[in-house]
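Structure first, then comments.
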Amino acid sequence: MIVVMKERASESQVDSVIARLIELGMDVHRSSGSTRTVLGVVGTGKVQVDKEIIEILDGVHEVMRITEPYKRASRSYRPDKTIVTLGDVRIGGDEVIVMAGPCSAETEEQCEAAAAAVKRAGAKVFRGGAFKPRSSPYSFQGHGEAGLKMLRQASDAHGLKLISEVMDVSQIELIAKYCDIFQVGARNMQNYTLLRELGHARKPVLVKRGISATIEEWLLSAEYILAGGNNDVILCERGIRTFETATRNTFDISAIPVVHKLSHLPVVADPSHGAGRRDMVPQLARAAVAAGADGLLIEVHADPDHAWSDGAQSMYPDQFDRLMAELRIIAPAIGRSICLEAVSRPGRSR
Ligand code: PEP
Ligand code: MN
């Protein structure tokens with residue numbers, strides 16, 4: 001970092017700032033101009049120094065960071081993109097990977113119908129929650145292990161990988177038995193105990209952006225997992241809370257190129273939670289692919305009008321089919337591919 005001293009900082013103030021920085025394990029390079037002294041500070045140890053503790057020292061005018069506070073998640077640490085591989089599914093490569101399914105596992109029949117629909121349209125990963133982080137304690141909380149079984153069965157029946165949410169450290173072992181990818185929800189992005197534990201898991205982790213998290217905070221959450229030794233981290237932009245009320249959240253499309261610039265980790269977009277309404281999901285999904293998203297996470301339900309959670313934002317299967325067909329036009333335009341295995345079928349138009 002760079003420490004700029006005040007114009008009238010005394011020699012003894014400069015000396016004590018330098019002494020404090022050295023005490024904190026930093027190398028300090030001093031340059032004194034005619035009006036100000038500037039200190040170039042380079043860390044030597046593992047411990048990171050908060051700029052705030054230097055800013056309050058006597059005689060200091062300003063402190064600027066020149067490196068990111070995260071390390072393993074940064075592009076400078078790893079210039080090549082990370083590709084998270086699950087058998088023949090590669091997240092972060094040329095192909096845009098679509099993960100789709102219901103918000104929650106409700107019944108065996110519902111999981112089966114959703115898995116059949118998303119597979120037919122070209123999704124590679126089935127999504128669905130068995131442990132649901134609901135705003136109200138009176139809303140459906142998920143079926144737990146029974147839900148995981150339904151999701152796994154439906155995924156296997158259609159050759160899909162499975163992603164499901166983990167809300168607590170105590171659920172990791174159980175969810176690992178059924179899922180291929182752990183999902184950390186927006187509300188848990190700052191559950192550092194959970195993130196730390198997932199750093200020891202041997203399965204990929206998708207980390208959703210918290211509803212009021214900055215991109216830096218989100219990357220620091222990913223850093224917790226990477227620091228534990230798990231390199232398979234996927235980021236997911238799902239909309240943030242702003243003053244706007246027309247949509248459930250404000251989908252931050254710019255987060256996609258920003259993260260690609262700052263980090264080597266794949267970025268997936270969740271337009272369902274971003275919009276909160278199914279009639280706006282296709283527009284956001286198309287925009288996310290055009291902006292370079294490595295994948296999409298979309299809620300699809302065979303009967304969304306009767307879904308037990310997030311029905312309003314869950315797509316009808318035929319709507320999802322149409323979206324996938326559109327994405328097959330957009331992806332190649334930006335040098336990406338998308339699953340071409342979809343089986344066409346006569347469908348209603350909605
Ligand atoms: C979900 O994916 O169903 C979910 C609860 O998402 P989020 O954590 O983004 O709200
Ligand atoms: Mn949901």
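Atoms within each ligand, like the ligands themselves, are counted from 1 in listed order.
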Do you know which of Glu299, Arg278, His301 makes side chain to side chain donor-acceptor pair (under 3.5 Å) with Gln313? Glu299

Knowing that exactly one of Lys119, Glu112, Arg120 qualifies, which makes a side chain to side chain donor-acceptor pair (under 3.5 Å) with His158? Glu112

Under 4.0 Å from one or more heavy atoms of Cys103, ligand 1 contributes atoms 3 (O)

Are Arg30 and Glu11 ion-paired here, with the side-chain N under 4.0 Å from a carboxylate O? yes

Protein-derived N, O or S atoms lying less than 2.8 Å from the Mn ion (ligand 2), waters not counted, sum to 4

With side chain to side chain contact (heavy atoms under 4.5 Å, CB included) as the criterion, how do Val184 and Leu198 come out once you've worked through the C-alpha distance, each side chain's angles and the decisive distance to 0.1 Å? CA-CA 10 Å; Val184 174; Leu198 288 168; 3.4 Å; yes

Nearest non-hydrogen protein atom to atom 8 (O) of ligand 1, with distance, is Ala186 N, 2.7 Å

Considering only NZ, NE, NH1 and NH2 on the basic side and carboxylate oxygens on the acidic side, decide whether Asp94 and Lys81 come within less than 4.0 Å. no

Give me the residue, atom name and distance of the protein heavy atom closest to atom 5 (C) of ligand 1. Glu165 OE1, 3.7 Å

May I ask you to list the atoms of ligand 1 that are less than 4.0 angstrom from any heavy atom of Arg127? 1 (C), 2 (O), 3 (O)

Kindly assign one of parallel, tilted or perpendicular to the pair Tyr192 and Tyr224, based on the angle between their ring planes and the thresholds 30° and 60°. parallel

Closer than 4.0 angstrom, basic N to acidic O: yes or no for Asp50 and Arg65? no

For Asp252, is there an ion pair with Arg209 - N to carboxylate O distance below 4.0 angstrom? yes

Hey, which atoms in ligand 1 end up nearer than 4.0 Å to a heavy atom of Gly185? 8 (O)

